[in-house]
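All remarks here apply to the structure that follows.
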Amino acid sequence: MKRSYSLLCAGVLFLAYAGSALAQGQISGSVHDFRGEAWAGATGTANDGDFCEVCHTPHNPPTDPGYATTVDAPLWNHIYPDTGTTASPTFTMYSSNTIQATAITAPNAGSLTCLGCHDGQTAMDNYGGTTTGTQQMGAVAANLGRDLSDDHPVSILYDNALFLLDNTLVDPASGGNTAAPLLRNDRVQCSSCHDPHGRPGLLKFLRLDNTGSNLCVQCHNK
């Protein structure tokens, strides 16, 4: 009897965990579901409706020119945008008279994964080793372009040292902090605020409900 009860409890826990895991992301039917696009997954095209393949590959990510060999995303399958050189970067980064973070000249891996489509210039169909795609993101709000000076800063280091310079921030090194779980290798990235796989009930792929600026105050002490 005890064994049956234990197995029942284990089964319930497994189903609860599985349901929770599945609820974390739902690409199918979202704007990141590219199966209806001729360049990605429409019936009769090369990848046979595999919407995951635009970003990820189960084996052997490509190492062709333009593809990163190490990235801040699992088995990345999509080309990175060109970042130019330190002297002549292709992105214009955020800057202001009040920002305390150390200035950077270009986004790094944690945000380049997103900008490989959202910069509006890198071809969305450059994945799986392809470097000759022509399908750029159209004139939509999600097209950030290469000028990021009017967007929230990305790829900046957000650590205790920055907190000590700017007391309007939450200390990411403090116990019970809320900022640290949103950071990627101690940096603010696109994925700090957005989950490309989506969250149930949340618009714009936000990681948290932003009612009452809830997402903002995880880092900004207001």
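Residues satisfying the side-chain hydrogen bond (donor to acceptor under 3.5 Å, both in side chains) criterion with T113, sequence neighbours excluded, are absent altogether.
Put simply, CE on M124 and CD on Q135 are 6.5 Å apart, with the number rounded to the nearest 0.5 Å. We find the NZ-CG distance between K204 and L215 to be 12.0 Å, quoted to the nearest 0.5 Å. Between atom CZ of residue F205 and atom OG of residue S30 there is a gap of 4.0 Å, rounded to the nearest 0.5 Å. In this structure, the separation between CG on N77 and SG on C52 is 10.5 Å, given to the nearest 0.5 Å. Taken to the nearest 0.5 Å, the CD1 atom of I156 stands 5.0 Å off from the CD1 atom of I99. Atom CG of residue N210 and atom CG of residue L203 lie 11.0 Å apart, to the nearest 0.5 angstrom.
Across all non-hydrogen atoms, the minimal contact from L148 to P107 is CD1-CG, 4.1 Å. Residues A123 and I79 approach most closely at O-CG2, 4.5 Å, considering heavy atoms. Considering every non-hydrogen atom in both P172 and N177, the closest pair reads O-ND2, 2.9 Å. Closest heavy-atom contact between D171 and S174: O-OG, 2.9 Å.
In the displayed structure, N221 atom CG is contacted under 6.0 Å by more than 12 heavy atoms of other residues, nucleotides or ligands.
With no hydrogens or angles considered, a side-chain donor-acceptor pair links S155 and Q189 at under 3.5 Å. Side-chain contact annotation: R207 with S191, donor-acceptor N/O pair under 3.5 Å absent.
Side-chain atoms of N143 come within 3.5 Å of backbone N or O of G138 as a donor-acceptor pair. Between the S111 side chain and the N108 main chain, no donor and acceptor come within less than 3.5 Å of each other. Counting only distance, with no hydrogens or angles, the side chain of N126 and the backbone of G133 share a donor-acceptor pair below 3.5 Å. For S149 (side chain) and M93 (main-chain N/O), no donor-acceptor pair under 3.5 Å exists by modelled atom type. A side-chain donor-acceptor contact under 3.5 Å links D125 to the backbone of T134. Checking side-chain atoms of N185 against main-chain N and O of R187 turns up no donor-acceptor pair under 3.5 Å. Remark: the backbone N or O of T85 is not paired with any side-chain donor or acceptor of S88 at under 3.5 angstrom. Remark: side-chain polar atoms of T92 are not paired, donor with acceptor, to backbone N or O of D147 under 3.5 angstrom. Remark: side-chain polar atoms of N214 are paired, donor with acceptor, to backbone N or O of D209 under 3.5 angstrom.
A cation-pi geometry, defined here as NZ or CZ lying under 6.0 Å from the six-membered ring centre and within 45° of its normal, holds between R146 and F91.
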**Report entry** Steps toward side-chain contact (heavy atoms from CB on, under 4.5 Å) verdict (L169, L162)
**Finding:** CA-CA 8 Å; L169 295 175; L162 178 61; 3.8 Å; yes
**Report entry** side-chain contact (heavy atoms from CB on, under 4.5 Å) between Y94 and D150, intermediate numbers included
**Finding:** CA-CA 6 Å; Y94 177 88; D150 57 352; over 6 Å; no
Query raised in the report: Can you check ring-ring contact (aromatic ring centres under 6.0 Å, His included) on Y67 and W76, steps first, answer last?
Result: CA-CA 9 Å; Y67 283 81; W76 196 245; 9.8 Å; no
**Report entry** Step-by-step side-chain contact (heavy atoms from CB on, under 4.5 Å) determination, T130 to T132
**Finding:** CA-CA 6 Å; T130 297; T132 57; 4.0 Å; yes
**Report entry** Worked verdict on D119 versus Q121 for side-chain contact (heavy atoms from CB on, under 4.5 Å)
**Finding:** CA-CA 5 Å; D119 71 340; Q121 296 183 34; 4.0 Å; yes
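Cluster annotation: L206 is not connected to L144 through the hydrophobic network of ILVMFWY side chains, with a link wherever side-chain heavy atoms come within less than 4.5 Å. Each of L202 and L182 belongs to its own hydrophobic cluster when Ile, Leu, Val, Met, Phe, Trp and Tyr are linked at side-chain heavy-atom distances under 4.5 angstrom. Cluster membership check: L208 does not share its hydrophobic cluster with V170, using side-chain heavy-atom separations under 4.5 Å among Ile, Leu, Val, Met, Phe, Trp and Tyr.
Note on ring orientation: taking the six-membered ring where Trp is involved, the planes of H78 and Y127 are parallel (angle under 30°, cut-offs 30° and 60°). The aromatic rings of H118 and H32 stand perpendicular to each other, their planes meeting at an angle above 60°, with 30° marking the opposite boundary.
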